[in-house]
Amino acid sequence: MKPPAPARLDRGFFDRSVHAVAPDLIGATLLVDGVGGVIVEVEAYHHTDPASHSHGGRTERNAVMFGPPGHAYVYRSYGIHWCVNAVCEPAGEASAVLIRALAPTHGLDRMRARRGLDDARLLCAGPGRLCQALGITKTLDGAPLDAPPFVLLARESTPAIVAGPRIGITKAADKPWRYGLAGSRFLSRPFRAG
DNA sequence: CAGTGGATGCTCT
DNA sequence: GAGCATCCACTGT
């Protein structure tokens, strides 16, 4: 017997608190046009969190965060990189999970060509790196995660998850809202005691 | 391995 | 005009 195909995550998966969705995304598989891998690192940004782009209210850039869950919020970081989030919670709550690192499993050659690197460990180890490897840009801002070019597959077992402070922020920097797959070689940075 | 600084462009005040 | 949810190259141990 052929094992059952992994379930696709539907929009209902994201229609929960960002603090529930974020750790549940660890171990899920994210693909864009067939290129991607297993999510090993994420960060949660709640609308009541001063570090969240949505904290100051709706603007042109963060408008997608105020829309329905299960969609991609893509923004430009430091003028150079793209970063991708999954919008969570009921529409209007404006919370999202930043996807920070993948363990590459699909389309390694295309990732290497886009990144100009051979080392699999560095292809998707960081939010800007993974967007470059998967070809994610502003054109996917607002796109649903349960339709092409995205594929999002549920994990098939519950992994060991570690948590710690988020990276690269100055506000609410003490909150332990970064989640990672314990022991993964593909994290953007190691977890302190994990 | 740790720390520093430059690149680079858009958003918001 | 300031401030970034980053990355890379370079320095010094």
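Every chain is numbered from 1 and lettered A, B, ... according to where its sequence line falls, protein lines coming before strand lines. In what follows, every heavy atom counts, from backbone to side chain, and hydrogens, waters and symmetry copies are set aside.
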Side chain to side chain donor-acceptor pair (under 3.5 Å) evaluation trace for A/H55 with A/Y45: CA-CA 9 Å; A/H55 182 251; A/Y45 288 89; over 6 Å; no
Heavy atoms under 4.0 Å, any strand shown: does [X] hit a base, just sugar-phosphate, or nothing?
{"X": "A/T170", "value": "sugar-phosphate"}
{"X": "A/R189", "value": "nothing"}
{"X": "A/N85", "value": "base"}
{"X": "A/I169", "value": "sugar-phosphate"}

message: Please compare A/S77 and A/N62 by the position of their nearest nucleotide in DNA chain B and report the one closer to 5'.
response: A/S77
Send over the distance from [X] [atom1] to [N] [atom2], rounded to a whole Å.
{"X": "A/M65", "N": "B/dT11", "atom1": "CE", "atom2": "C1'", "result": "15 Å"}
{"X": "A/R76", "N": "B/dG9", "atom1": "CZ", "atom2": "P", "result": "7 Å"}
{"X": "A/E60", "N": "B/dC10", "atom1": "CD", "atom2": "C1'", "result": "11 Å"}
{"X": "A/H55", "N": "B/dT11", "atom1": "NE2", "atom2": "C1'", "result": "17 Å"}
{"X": "A/R58", "N": "B/dT11", "atom1": "CZ", "atom2": "P", "result": "15 Å"}

Residues A/R166, A/E43: salt bridge by 4.0 Å N-O rule: no
message: Show, in sequence, the C-alpha distance, side-chain angles and deciding distance for A/M65 and A/E93, and conclude whether the side chain to side chain contact (heavy atoms under 4.5 Å, CB included) test is met.
response: CA-CA 8 Å; A/M65 291 184 78; A/E93 295 283 308; over 6 Å; no
Side chains of A/R114 and A/Q132, donor plus acceptor under 3.5 Å: no
query: Using a distance-only test with no angle check, is there a side-chain donor-acceptor pair under 3.5 angstrom linking A/H19 and A/S17?
result: no
- prompt: Are A/D15 and A/E89 side-chain neighbours, meaning at least one heavy-atom pair lies under 4.5 Å?
  reply: no
field: Intra- and interstrand pairs of DNA chain B - dot-bracket, Watson-Crick/G-U under 3.5 Å, | marks other strand
entry: |||||||.||||.
message: Go nucleotide by nucleotide along DNA chain C from the 5' end; which of A/G168 and A/Q132 gets its closest nucleotide reached first?
response: A/G168
- prompt: From the 5' end of DNA chain C to its 3' end, which nucleotides mark the outer limits of contact with chain A, defined by a 4.0 Å heavy-atom distance cut-off (strictly under)?
  reply: C/dC4 to C/dC8
